[in-house]
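Structure record follows, encoded as structure tokens.
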Amino acid sequence: MQRIKELPKRIGEEVVLRGWLMNARSSGKIAFLQVRDGSGVVQAVASRAELSERAWEDVQKITQESALRLTGTVSEDPRSPSGVEIHLLDLAVEHLSEEFPITKKEHGTGFLMDHRHLWLRSSRQRAALKVRSEVSQAIRDFHYERDFVLIDSPILTPAACEGTSTLFETDYFGDQAYLSQSGQLYLEPAAAVFGKVYCFGPTFRAEKSKTRRHLMEFWMVEPEVAFLEFAGLCDLAEEFISYLVARVLDRCAEELKVLERETSKLEAATSPFPRITYTEAIETLQKSAVSIEWGEDFGGDDETILAEQFDRPVLVTHYPTALKAFYMEPDPDNPELALALDVLAPEGYGEIIGGSQRIHDHDLLKRRLEEHELPLEAFQWYLDVRRYGTFPHSGFGMGIERFVAWVCGLKHLRETIPYPRMLNKIYP
RNA sequence: UCCUCGGUAGCUCAGUGGUAGAGCGGUCGGCUGUUAACCGAUUGGUCGGGGGUUCGACUCCCUCCCGGGGAGCCA
């Protein structure tokens with residue numbers, strides 16, 4: 001069977017295609033069928049004179065999204081949208097579709113989300129998911145090429161990584177278990193095995209967030225590297241982002257075109273990225289007449305203002321310790337600050353990476369657990385990493401949906417994942 | 001959880017006290033190069049649920065339900 005993508009190599013040949021009807025335009029004795037097979041879209045031209053009576057009748061009655069088997073000859077034609085078209089010789093209707101809910105005209109988001117399984121067939125959704133797939137592959141290739149070992153962290157976990165309020169709870173043979181919200185803690189012991197490790201999988205947050213930048217279930221990639229200190233972590237994050245962007249520009253040109261993404265904005269995302277400290281960021285915001293004091297965290301608007309200062313992602317470093325997670329290493333020059341890093345995407349897409357150097361001193365980490373009122377017994381295994389040949393190490397996490405949203409220029413995260421899980425919405 | 005906007009035909013919406021409308025879709029007919037094709041006809045409704053005000057409620061009031069957008073929090 002022929003795939004539409006390969007048709008330009010088959011000019012003049014007779015081929016058989018199977019696919020779905022996107023749209024049909026009929027003009028009496030000639031009809032134009034837009035057919036999709038998963039690899040691409042092609043126009044088939046059906047003329048009454050060249051078809052059997054039965055085939056012509058089928059052309060008249062086929063509905064949007066019907067499954068078809070087409071036989072025809074391939075020709076180049078500048079009048080066809082793709083430059084290639086099929087002159088139809090025969091048509092078999094494999095299934096006559098019922099009236100398809102998603103039409104060529106506009107629909108509201110609520111309706112589209114209720115029909116997500118069908119909405120996926122439309123070209124923009126298709127393009128976004130193709131980019132997501134390429135990003136996933138590029139993430140694996142990036143780590144593989146650099147000798148990282150994949151560590152699959154557990155999804156069912158006994159306790160919180162960073163707190164309990166945002167965890168999905170489930171029953172585990174009579175005990176409580178929670179869906180993982182980060183693989184990081186499980187990665188740190190593995191860094192002592194392989195030196196360079198990463199995990200990549202779904203994570204779950206039960207936070208009642210109802211914004212375009214949040215999902216209840218999202219995919220996160222988290223590298224963790226032994227003996228990597230903070231400066232090296234910043235370099236790694238920068239190299240990672242620019243690698244992924246270059247890969248999408250190289251391999252997803254068609255998809256970015258469908259998404260009408262202005263690629264010049266992405267082409268700028270090459271090393272080096274600007275780097276500012278939290279304190280500098282606060283000063284910048286205050287100059288922009290934002291009322292924010294040192295010690296406060298940034299809101300979504302603040303992140304946008306900061307990112308707008310630059311044409312590529314910006315690294316914001318050295319946050320106040322009080323704002324960050326318990327495991328982050330204090331800056332040796334100023335213990336008020338954490339060796340923490342956020343990467344903000346341009347154009348208002350916000351935080352795509354959060355990471356830090358980790359505390360490797362046992363006593364300090366234990367003290368931080370106590371300060372955060374976390375149960376020591378539950379973290380004993382995590383403290384063990386600091387008892388048996390402890391080592392400085394660093395890592396970060398990137399939510400791939402936010403990255404894909406930025407690269408694709410999508411306003412809402414729900415279009416970057418096949419079946420988004422959102423606040424109070426888990427269908428289909 | 002809070003703020004805000006909304007719920008009328010399969011879809012997108014208009015109608016804001018006096019018998020329910022349009023475009024698209026569907027159906028039927030016309031058209032030999034269409035590009036969300038076009039032209040003509042036609043089909044299509046417990047106006048989110050409940051209660052109240054009124055001679056009369058899609059319209060005003062109360063209440064509940066559902067959805068969109070945003071805030072906080074984060075990736």
Side-chain angles (χ1 to χ4, degrees), chain A residues 22-34 41 43-51 56 59-61 63-65 75 77-83 85 87 97-115 118-119 122-123 161-163 165-166 181-184 200 202-222 237 296-303 323-325 341-345 349-355 396-406 411-414 416-417 422-425 427:
Chain A
M22 293 175 74
N23 190 24
R25 287 180 281 272
S26 162
S27 184
K29 288 167 186 144
I30 190 167
F32 304 92
L33 313 179
Q34 312 295 327
V41 179
Q43 171 164 276
V45 183
S47 29
R48 185 174 194 170
E50 293 169 27
L51 287 172
W56 181 251
V59 168
Q60 302 306 298
K61 78 176 187 202
T63 50
Q64 187 190 348
E65 290 302 321
S75 66
D77 196 316
R79 292 172 295 183
S80 170
S82 67
E85 63 182 24
H87 284 273
S97 174
E98 294 177 31
E99 190 180 329
F100 197 63
I102 297 170
T103 65
K104 287 162 279 178
K105 289 281 180 173
E106 62 203 304
H107 296 285
T109 19
F111 179 81
L112 289 170
M113 285 306 299
D114 286 343
H115 296 83
L118 303 177
W119 187 24
S122 54
S123 54
C161 289
E162 301 174 27
S165 62
T166 63
Q181 59 177 351
S182 166
Q184 181 205 318
F200 183 27
T203 57
F204 307 87
R205 307 260 167 110
E207 186 67 41
K208 298 219 170 190
S209 301
K210 202 185 156 192
T211 82
R212 70 181 74 179
R213 299 215 290 235
H214 291 88
L215 295 169
M216 303 300 105
E217 178 181 320
F218 65 98
W219 280 60
M220 189 154 67
V221 53
E222 297 173 271
E296 292 178 52
D297 211 347
F298 307 128
D301 292 344
D302 303 329
E303 287 181 354
L323 288 180
K324 290 293 181 180
L341 151 80
D342 279 2
V343 178
L344 306 181
Y349 283 92
E351 186 182 337
I352 49 175
I353 277 183
F396 63 78
M398 186 187 83
I400 73 162
E401 287 77 13
R402 286 193 184 169
F403 178 83
V404 171
W406 166 49
K411 288 190 197 75
H412 204 299
L413 245 46
R414 66 185 157 218
T416 65
I417 187 167
M422 304 197 300
L423 188 59
N424 300 329
K425 189 159 182 78
Y427 177 92

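Every chain is numbered from 1 and lettered A, B, ... according to where its sequence line falls, protein lines coming before strand lines.
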- Closest non-hydrogen atom pair between A:Val59 and A:Ala46, with its separation: CG2-CB, 4.0 Å

- Message: Base, sugar-phosphate or nothing for A:Ile353? Non-hydrogen atoms, less than 4.0 Å.
- Response: sugar-phosphate

- Task: Could you work out the separation of B:C64 and B:G7 based on their C1' atoms and round it to a whole Å?
- Result: 14 Å

- First encountered from the 5' end of RNA chain B, between A:Phe111 and A:Lys324: A:Phe111

- Item | Nucleotide of B:G68, B:A36, B:A75 approaching A:Glu351 most closely (side-chain heavy atoms) | B:A75

- In whole Å, what separates the C1' atom of B:U59 from that of B:G23? 23 Å

- Query: Taking the side chain of A:Arg205 as its heavy atoms from C-beta onward, which of B:G26, B:C74, B:U34 lies nearest to it?
  - Reply: B:C74

- Message: Among B:G33, B:A75, B:G68, which nucleotide has an atom closest to any side-chain atom of A:Asp77?
- Response: B:G33

- Query: Looking at side-chain heavy atoms only, is the closest gap between A:Arg25 and A:Gln34 below 4.5 Å?
  - Reply: yes

- Query: Using the C1' atom in both, what is the distance from B:G68 to B:U32, to the nearest Å?
  - Reply: 46 Å

- Measure the distance from CZ on A:Phe100 to C1' on B:G25 and round it to the nearest whole Å. 13 Å

- Item | Residues in side-chain hydrogen bond (donor to acceptor under 3.5 Å, both in side chains) contact with A:Asp302, at least two apart in sequence or another chain | none

- Message: Rounded to whole Å, please give me the gap between CZ in A:Phe396 and P in B:A75.
- Response: 13 Å

- Message: Heavy atoms from C-beta onward define the side chain here; which of B:A75, B:C11, B:G70 lies closest to that of A:Arg212?
- Response: B:G70

- With rounding to whole Å, what would you report as the distance between B:G67 and B:G29 at their P atoms? 42 Å

- Query: Is there a donor and acceptor pair, one atom on the side chain of A:Glu85 and one on the base of B:G33, closer than 3.5 Å?
  - Reply: yes

- Between CH2 of A:Trp119 and P of B:U12 the distance, given in whole Å, is 12 Å

- Item | Span that lies between the P atom of B:G10 and that of B:U16, in whole angstrom | 23 Å

- Message: Restricting to non-hydrogen atoms, name the atom on A:Ile352 and the atom on A:Phe403 that form the minimum distance, rounded to 0.1 Å.
- Response: CG2-N, 4.0 Å

- Note on the structure: Ranking B:G33, B:U12, B:A71 by distance to the side chain of A:Gln43, first place goes to B:G33

- Pairing partner of B:G45 (Watson-Crick or G-U wobble, both distances under 3.5 Å): none

- Query: Which part of the nucleic acid, if any, lies within reach of A:Asp342 when heavy atoms closer than 4.0 Å are counted: base, sugar-phosphate only, or nothing?
  - Reply: nothing

- Query: With sugar-phosphate meaning primed atoms plus P, OP1 and OP2, does A:His115 contact a base, only sugar-phosphate, or nothing at under 4.0 Å between heavy atoms?
  - Reply: nothing

- Query: Can you find a donor-acceptor pair, distance only, under 3.5 Å between A:Ser209 side chain and B:C73 base?
  - Reply: yes

- Item | Nucleotide paired to B:U1 in any strand shown, Watson-Crick or G-U, under 3.5 Å | B:A71

- Item | For atom NZ of A:Lys411 and atom C1' of B:G70, their distance in whole Å | 15 Å

- Item | Nearest to side-chain heavy atoms of A:Met220, which nucleotide of B:U27, B:G72, B:A75 | B:A75

- Mind checking A:Arg48 for me? I need base, sugar-phosphate or nothing, with any heavy atom below 4.0 Å counting as a touch. nothing

- Query: Parallel, tilted or perpendicular: which describes the rings of A:Phe111 and A:His115, with under 30° parallel and over 60° perpendicular?
  - Reply: tilted

- Indicate, with a heavy-atom threshold strictly under 4.0 Å, whether A:Ser26 touches base, sugar-phosphate, or nothing. base

- Message: Let's see if you can work this out: which of B:U32, B:C74, B:A71 has an atom nearest to the side-chain heavy atoms of A:Glu303?
- Response: B:C74

- Where the side chain of A:Arg414 is defined as all heavy atoms beyond and including C-beta, which of B:G69, B:G72, B:G33 is the nearest nucleotide? B:G69

- Task: Provide, to the nearest angstrom, the distance between the NE2 atom belonging to A:His214 and the P atom belonging to B:G72.
- Result: 9 Å

- Item | Touch class at under 4.0 angstrom, heavy-atom based, for A:Ser47 against every strand present | nothing

- According to the 5.5 Å centroid and 30° plane-angle thresholds, does A:Phe32 stack upon the nucleobase of B:G33? no

- Query: Does a distance-only test, which skips hydrogens and angles, find a donor-acceptor pair under 3.5 Å between the side chain of A:His107 and the base of B:C11?
  - Reply: no

- Could you give the distance separating B:G49 and B:C39 at their C1' atoms, to the nearest angstrom? 43 Å

- Message: I need the minimum non-hydrogen distance between A:Leu215 and A:Glu401, along with the two atoms involved.
- Response: CD1-CG, 3.8 Å

- Query: Less than 4.5 Å apart, any side-chain heavy atom of A:Val45 and any of A:Phe32?
  - Reply: yes

- Watson-Crick/G-U partner (both atom distances under 3.5 Å) of B:G40: B:C28

- Partners meeting side-chain hydrogen bond (donor to acceptor under 3.5 Å, both in side chains) with A:Thr211 (sequence neighbours left out): A:His214

- Message: In whole Å, I'd like the distance from the NE2 atom of A:His412 to the P atom of B:G69.
- Response: 4 Å

- Whole-Å gap separating C1' (B:C66) and OH (A:Tyr427): 16 Å

- Residue pair A:Glu65, A:Leu118: steps toward the side-chain contact (heavy atoms from CB on, under 4.5 Å) verdict: CA-CA 10 Å; A:Glu65 290 302 321; A:Leu118 303 177; over 6 Å; no

- Message: I'd like the P distance from B:G45 over to B:A22, given in whole Å.
- Response: 14 Å

- Task: Could you tell me whether B:U12 is syn or anti, where syn means a glycosidic angle within 90 degrees of zero?
- Result: anti

- Taking the nucleotide of RNA chain B with the closest heavy atom to each, which residue, A:Gly108 or A:Ala49, is nearer the 5' end? A:Gly108

- With a non-hydrogen cut-off below 4.0 angstrom, is A:Gly299 in contact with a base, only sugar-phosphate, or nothing? sugar-phosphate

- Task: Look at the side chain of A:Arg213 against the base of B:C73 and say whether a donor-acceptor pair falls under 3.5 Å; ignore hydrogens and angles.
- Result: no

- Query: Is there a Watson-Crick or G-U wobble partner for B:G17 with both distances under 3.5 Å, and which nucleotide is it?
  - Reply: none

- Message: From the set B:G33, B:A71, B:U1, return the single nucleotide nearest to any side-chain atom of A:Thr211.
- Response: B:A71

- Task: Take atom CD1 of A:Ile352 and atom P of B:C74, then tell me their distance rounded to the nearest Å.
- Result: 18 Å

- Message: Checking base pairs now: Watson-Crick or wobble, both atom distances under 3.5 Å. What partners B:G33?
- Response: none

- Message: Please give the distance between the P atoms of B:C62 and B:U12 as a whole number of Å.
- Response: 28 Å

